[in-house]
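In what follows, a single structure is set out as structure tokens and then discussed.
Owing to the predicted nature of the structure, the values given are computational and were not obtained by experimental measurement.
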Amino acid sequence: MDNKMRCQSCGMPISAEFGNLGTNADGSNVSEYCVFCYANGSFTNPNQTMEEMIQSSIENMATDLQMPVEQATNLANSFIPQLKRWRN
């Protein structure tokens with residue numbers, strides 16, 4: 001992957017410029033997570049498993065980014081487990 005700041009749950013590029021940073025309970029920005037994964041001080045889907053996140057990422061990359069499914073599968077399976085939320 002590139003050197004962009006990325007959500008440590010889903011891997012999406014994040015920045016204040018994009019307006020997609022997650023938020024703490026007090027409304028301040030969180031620099032580690034996107035607004036889709038983390039809002040108001042907690043994960044938006046706290047019971048989501050890493051496998052569910054990988055599947056969701058594959059679907060999003062294939063649909064939204066028009067990436068071939070095989071490429072999206074390889075990328076999600078290699079990248080998602082390395083993110084902070086999913087590391088053991």
Side-chain angles (χ1 to χ4, degrees):
M1 283 261 161
D2 51 41
N3 292 326
K4 292 178 185 159
M5 196 163 82
R6 294 190 171 272
C7 174
Q8 292 299 300
S9 178
C10 71
M12 176 194 306
I14 56 174
S15 76
E17 172 183 326
F18 295 157
N20 67 346
L21 294 174
T23 56
N24 288 306
D26 66 4
S28 62
N29 286 334
V30 173
S31 63
E32 292 184 308
Y33 300 106
C34 74
V35 70
F36 303 108
C37 291
Y38 197 86
N40 301 314
S42 62
F43 288 107
T44 58
N45 189 352
N47 298 319
Q48 184 175 39
T49 66
M50 180 174 65
E51 290 74 22
E52 290 169 338
M53 178 59 78
I54 288 171
Q55 188 57 45
S56 175
S57 294
I58 292 167
E59 291 168 8
N60 288 336
M61 287 187 282
T63 303
D64 298 342
L65 303 178
Q66 322 242 304
M67 185 181 289
V69 172
E70 184 176 342
Q71 182 181 358
T73 300
N74 291 336
L75 184 58
N77 279 300
S78 65
F79 191 68
I80 300 290
Q82 297 177 36
L83 299 173
K84 181 178 179 177
R85 181 177 181 186
W86 310 112
R87 278 185 252 153
N88 292 332

Practice item. Report the C-alpha separation of Leu21 and Met5 in whole Å, then their side-chain angles, then the decisive distance to 0.1 Å, and conclude whether the side-chain contact (heavy atoms from CB on, under 4.5 Å) test is met. Key: CA-CA 10 Å; Leu21 294 174; Met5 196 163 82; 3.9 Å; yes
Check your understanding: When you look at Thr23 and Asn29, which way does the side-chain contact (heavy atoms from CB on, under 4.5 Å) test go after all the steps?
Key -> CA-CA 4 Å; Thr23 56; Asn29 286 334; 4.2 Å; yes
Minimum heavy-atom distance between [X] and [Y], given as atom pair plus value:
X     : Y     : answer
Met61 : Ala76 : CE-CB, 3.8 Å
Lys4  : Pro13 : CD-CB, 4.0 Å
Arg87 : Gln8  : NH2-OE1, 3.7 Å
Ala62 : Val69 : CB-CG2, 4.0 Å
Asn20 : Ser15 : OD1-N, 3.1 Å
Gly11 : Arg6  : O-NH1, 2.6 Å

**Study point:** Any donor-acceptor pair under 3.5 Å from Asp26 side chain to Ser28 backbone
**Key:**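 Looks like yes, one N/O pair under 3.5 Å.
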Point to revise | side-chain hydrogen bond (donor to acceptor under 3.5 Å, both in side chains) contacts touching residues 54-80 (sequence neighbours left out) | key: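 Those involving residues 54-80 are Gln55-Glu59.
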Review point. Hydrophobic cluster mates of Met12, side-chain heavy atoms under 4.5 angstrom, ILVMFWY only, any path?
Key: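 Val35, Phe36, listed by chain and number.
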Review point. Can you tell me how far OG of Ser9 sits from CZ of Phe43, rounded to the nearest 0.5 angstrom?
Key: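 Going from the CZ atom of Phe43 to the OG atom of Ser9 covers 5.5 Å.
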Review point. Which distance, rounded to the nearest 0.5 Å, do you find between the CD1 of Ile80 and the CG of Leu75?
Key: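 Going from CD1 on Ile80 over to CG on Leu75, the span is 8.0 Å.
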Check your understanding: Is NZ or CZ of Arg85 both nearer than 6.0 Å to the six-membered ring centre of Tyr33 and within 45° of the ring axis?
Key ->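 Relative to the ring axis of Tyr33, which defines the angle, Arg85 lies outside at least one limit.
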Check your understanding: Applying salt bridge (charged side-chain N to carboxylate O under 4.0 Å, His left out), which residue pairs with at least one partner in residues 31-58 are found, sequence neighbours left out?
Key ->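 Sorted pair list: Glu32-Lys84.
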Check your understanding: Between Met53 and Trp86, does a side-chain contact (heavy atoms from CB on, under 4.5 Å) hold up when you go through it step by step?
Key -> CA-CA 10 Å; Met53 178 59 78; Trp86 310 112; 3.8 Å; yes
